[in-house]
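I have placed the structure first, in the form of structure tokens, so that the comments after it can refer back to it.
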Amino acid sequence: MHSDEILAQVAALPALPGVYRYYDADDAVLYVGKARNLKKRVSSYFQKNHGGTRIGHMVGKIARLETTVVRSEAEALLLENNLIKSLAPRYNILFRDDKSYPYLKIEAGSFPRVAYYRGAVDRKHSYFGPYPSAWAVKESIQLLQKVFRLRTCEDTVFANRTRPCLLYQIKRCTGPCVGLVTPEDYARDVEHAEAFLRGEAAAVLQALEQRMMAHADRLEFEQAAELRNQVGALSKVLHQQSVETVSDKDVDILAVKVQGGKACVNLAMVRGGRHLGDRAYFPSHIEDAAAVQEFEDAEEAAAAQPVEVQVLEAFIAQHYIGVPVPPSLITSHAASRELVEALSLQSGIKVSAVHNPREQRRLWLEMAQRNAELQLARLLAEEGSQQARTRALVEALDLAPDNLDTFRVECFDISHTAGEATQASCVVFHHHQMCNREYRRYNIEGITPGDDYAAMRQVLTRRYARLAQAGRDTPDATPPQGKEGRGGADRLPDLVLVDGGRGQVSMAREVFAELGLDLSVIVGVEKGEGRKVGLEELVFADGREKVYLGRESAALMLVAQIRDEAHRFAITGMRARRARIRVGGSQLEEIPGIGAKKRARLLQRFGGIRGVAAASIEDIATVEGIGKDLAEQIYRALH
């Protein structure tokens, strides 16, 4: 049942094109959709009984909705996918944002440098790409070094050379740093390199051959030989790049493969007529989004779109929001005409999409399809292995989670340096992987420095007291992507690992007993003989005997991975905090009578400069070497 306010809002919607958003009670976005007729589309969700379907599950969560009216379907399409990318709704197909694509940059100047670049581009320099990977950029740079012998050194190195470097000796640079090439000849090499990157390799080759013959006619055989080597190197490159046989210069090839509830979009990139490589993308929420799309197609009395087409169109719409779109797309399935037109409108260039190519384009597409199949098979195999490790751990510890896919582990570790800068870490394993967005660090204060048991008591109390009070000790439904921290952190995990043996487990047992929580979820990871990896034993808080799983156990490998990650996260946090504290400790050295030894004693006794500042004059005076008068000076200096 929905509130009268929502139903009244739906009834008042206009019959115009627009975009709508559904939100749940926690104000998380459930779904973003577009419509030719907002009133008709949104009303269809609330006028029917969807039962226990995926649509019914989503509609039952809707607590409020927002709509935006636009002028055309194209505007609705563009706005929809901008919102999907920024809001990451639970029931839309989502492609995770990768890092920005790398470029090959030729810097401006009298002797331009060729370099790898990632970031915003400007008009001062020349940029070529984007490339699918850093490896592709570096391969292209090596190619330019072999053929055109452009410099790659930093300007500071270039300006201070007195003799040519090794790259000149191996014929990868013409030595502009020491004047071994004229600015005119170097500029000509840069011009040829840029033309080659633009796909004008045949013209570059012809120009080099003409210059070679001109030098030979003037009996300048040494210069002619240099150009002959350039021609040979460039010819070899062109022979290796079969894509040069077609007229296309900038093309993206998109192949989609769906299997086992997972999907892969393989993007192959051709720039300047050269095949630069490919990159695989794996969207999430395939099944939920497909169910919503099927419902909307039924409401429109339209033919249901195959999942592959839905994935392809979602990728095109989201991927090219922040990435330059080439004029030609070759796709494994037909994309809608409206989408391609919206893409042209957004990019400002005419974009064409072909899904049934011939000749060389057909070979590109077949290659991309094969790579999509291989990448998806790899993903399914890896996920199967990860799920097997989770299942092995559940079985080894005799646990009974409601859903193996939502099985959640939280692991705690304590780190400090002789009691200074004590910090606890909490890392999370969820959905068969480490979820670093949910990691947390806790600054431990108010304990005797070096007391690991007290530190463990404090962090566990701080982490679980609120959950115990709220009574949220049962697993929730799978949280939406991008909301992992909220969706999982508000429930008691299925397993709590503590790095330590009986002492740490006893402390965890006391905390859980005081909070009224289940003791059976607490497990300690006790180091084995000689502290060797693979010999760890598991210690239980509920009275069970210790368990040794065996060096080759998949369950122990997973436990060790989670424990090591907690240890790493705690150490890095502690070191950063210690550095900050020690910088702050310089305030003590400015006090007359405080030297390095007294400062170290104060920081160690009170756990850092904050602890010293929080201490009373009487407490400070108890530190060795510090009397009442000096304690008063310290107190006044820090307040």
Side-chain angles (χ1 to χ4, degrees), residues 386 389-390 392-399 407-430 433-436 439-442 444 447-461 463-464 493-512 519-575 577-578:
Q386 292 168 350
R389 290 194 311 162
T390 306
L393 178 60
V394 167
E395 293 174 353
L397 300 184
D398 196 22
L399 301 172
F407 179 73
R408 180 183 179 89
V409 182
E410 295 184 0
C411 183
F412 296 86
D413 189 25
I414 308 296
S415 184
H416 57 80
T417 301
E420 179 185 359
T422 302
Q423 193 164 80
S425 69
C426 172
V427 302
V428 177
F429 177 85
H430 198 201
Q433 61 184 352
M434 302 305 301
C435 300
N436 53 13
Y439 290 6
R440 295 291 182 269
R441 290 191 178 103
Y442 297 83
I444 304 300
I447 65 169
T448 302
D451 189 344
D452 288 354
Y453 294 158
M456 183 62 72
R457 166 181 282 277
Q458 184 176 129
V459 66
L460 292 176
T461 302
R463 171 67 184 97
Y464 297 120
D494 301 285
L495 178 64
V496 175
L497 293 176
V498 295
D499 185 23
R502 294 190 182 280
Q504 294 284 25
V505 170
S506 297
M507 185 57 64
R509 182 172 58 240
E510 290 180 13
V511 172
F512 271 50
L519 300 180
S520 65
V521 303
I522 304 172
V523 176
V525 186
E526 187 176 61
K527 295 178 176 63
E529 183 180 355
R531 305 173 70 88
K532 293 181 180 178
V533 177
L535 299 180
E536 293 90 346
E537 294 181 319
L538 303 183
V539 182
F540 299 93
D542 59 1
R544 283 178 284 171
E545 293 294 325
K546 289 197 299 185
V547 170
Y548 171 63
L549 297 176
R551 186 186 296 270
E552 304 300 325
S553 166
L556 183 60
M557 291 180 185
L558 178 55
V559 168
Q561 176 194 348
I562 299 171
R563 186 272 317 273
D564 292 345
E565 178 68 355
H567 189 56
R568 179 202 64 79
F569 193 60
I571 286 179
T572 54
M574 179 273 296
R575 287 173 177 168
R577 187 183 180 215
R578 184 182 62 190

#### Entry: pair Ile571-His567: side-chain heavy atoms closer than 4.5 Å
yes

### Message
So, taking the atom named OG1 in Thr390 and the one named CG in Leu558, what distance separates them when rounded to the nearest 0.5 Å?
### Response
5.5 Å

#### Entry: Contact check, side chains of Asn436 and Phe569, non-hydrogen atoms, under 4.5 Å
no

#### Entry: For Phe412, all residues meeting ring-ring contact (aromatic ring centres under 6.0 Å, His included), sequence neighbours excluded
Tyr464

### Task
Measure across Gly500 and Val505 and return the closest heavy-atom pair with its distance rounded to 0.1 Å.
O-CG2, 4.5 Å

#### Entry: Reported OG-to-CE distance for the pair Ser506 and Met456, which is rounded to 0.5 angstrom
12.0 Å

#### Entry: Side-chain touch Arg440/Arg463, heavy atoms, less than 4.5 angstrom
no

### Task
For residues Glu536 and Val559, determine if any side-chain heavy atom of one lies less than 4.5 Å from a side-chain heavy atom of the other.
no

### Task
Give the minimum heavy-atom separation between Ile522 and Ala508, together with the two atoms involved.
CD1-O, 3.6 Å

### Interatomic spacing from CG in Leu549 to CE in Met557 - rounded to 0.5 Å
11.0 Å

#### Entry: Sequence neighbours excluded, every pair satisfying salt bridge (charged side-chain N to carboxylate O under 4.0 Å, His left out) that has a member inside residues 495-510
Arg457-Glu510, Asp499-Lys527

### Message
Let me confirm one number: the CG-NE2 distance from Asp494 to His430, rounded to the nearest 0.5 Å.
### Response
7.5 Å

### Query
Side-chain contact, heavy-atom cut-off 4.5 Å: Gln423 with Tyr442?
no

### Message
Give me the atom names and distance for the closest heavy-atom approach of Ile562 to Cys411.
### Response
CG2-CB, 3.5 Å

### Task
Looking only at non-hydrogen atoms, find the nearest pair between Val521 and Pro493 and report the distance.
CG1-O, 4.3 Å

### Task
To the nearest 0.5 angstrom, please state how far the CD atom of Glu526 sits from the CZ atom of Arg563.
11.5 Å

### Query
What is the distance from atom CZ of Arg568 to atom CD of Glu565, rounded to the nearest 0.5 Å?
4.0 Å

### Query
Taking everything shown except Tyr453 itself, do over 12 heavy atoms lie less than 6.0 Å from its OH?
no

### Message
So Phe429 and Leu495, do their side chains get closer than 4.5 Å, heavy atoms only?
### Response
no

### Message
Contact between Met434 and Val427 at the side-chain level, heavy atoms closer than 4.5 Å - yes or no?
### Response
yes

### Short side-chain to backbone donor-acceptor contact, Ser553 and Leu556, under 3.5 Å
yes

### Query
Do Ser415 and Arg441 have side-chain N/O donor and acceptor atoms under 3.5 Å apart?
no

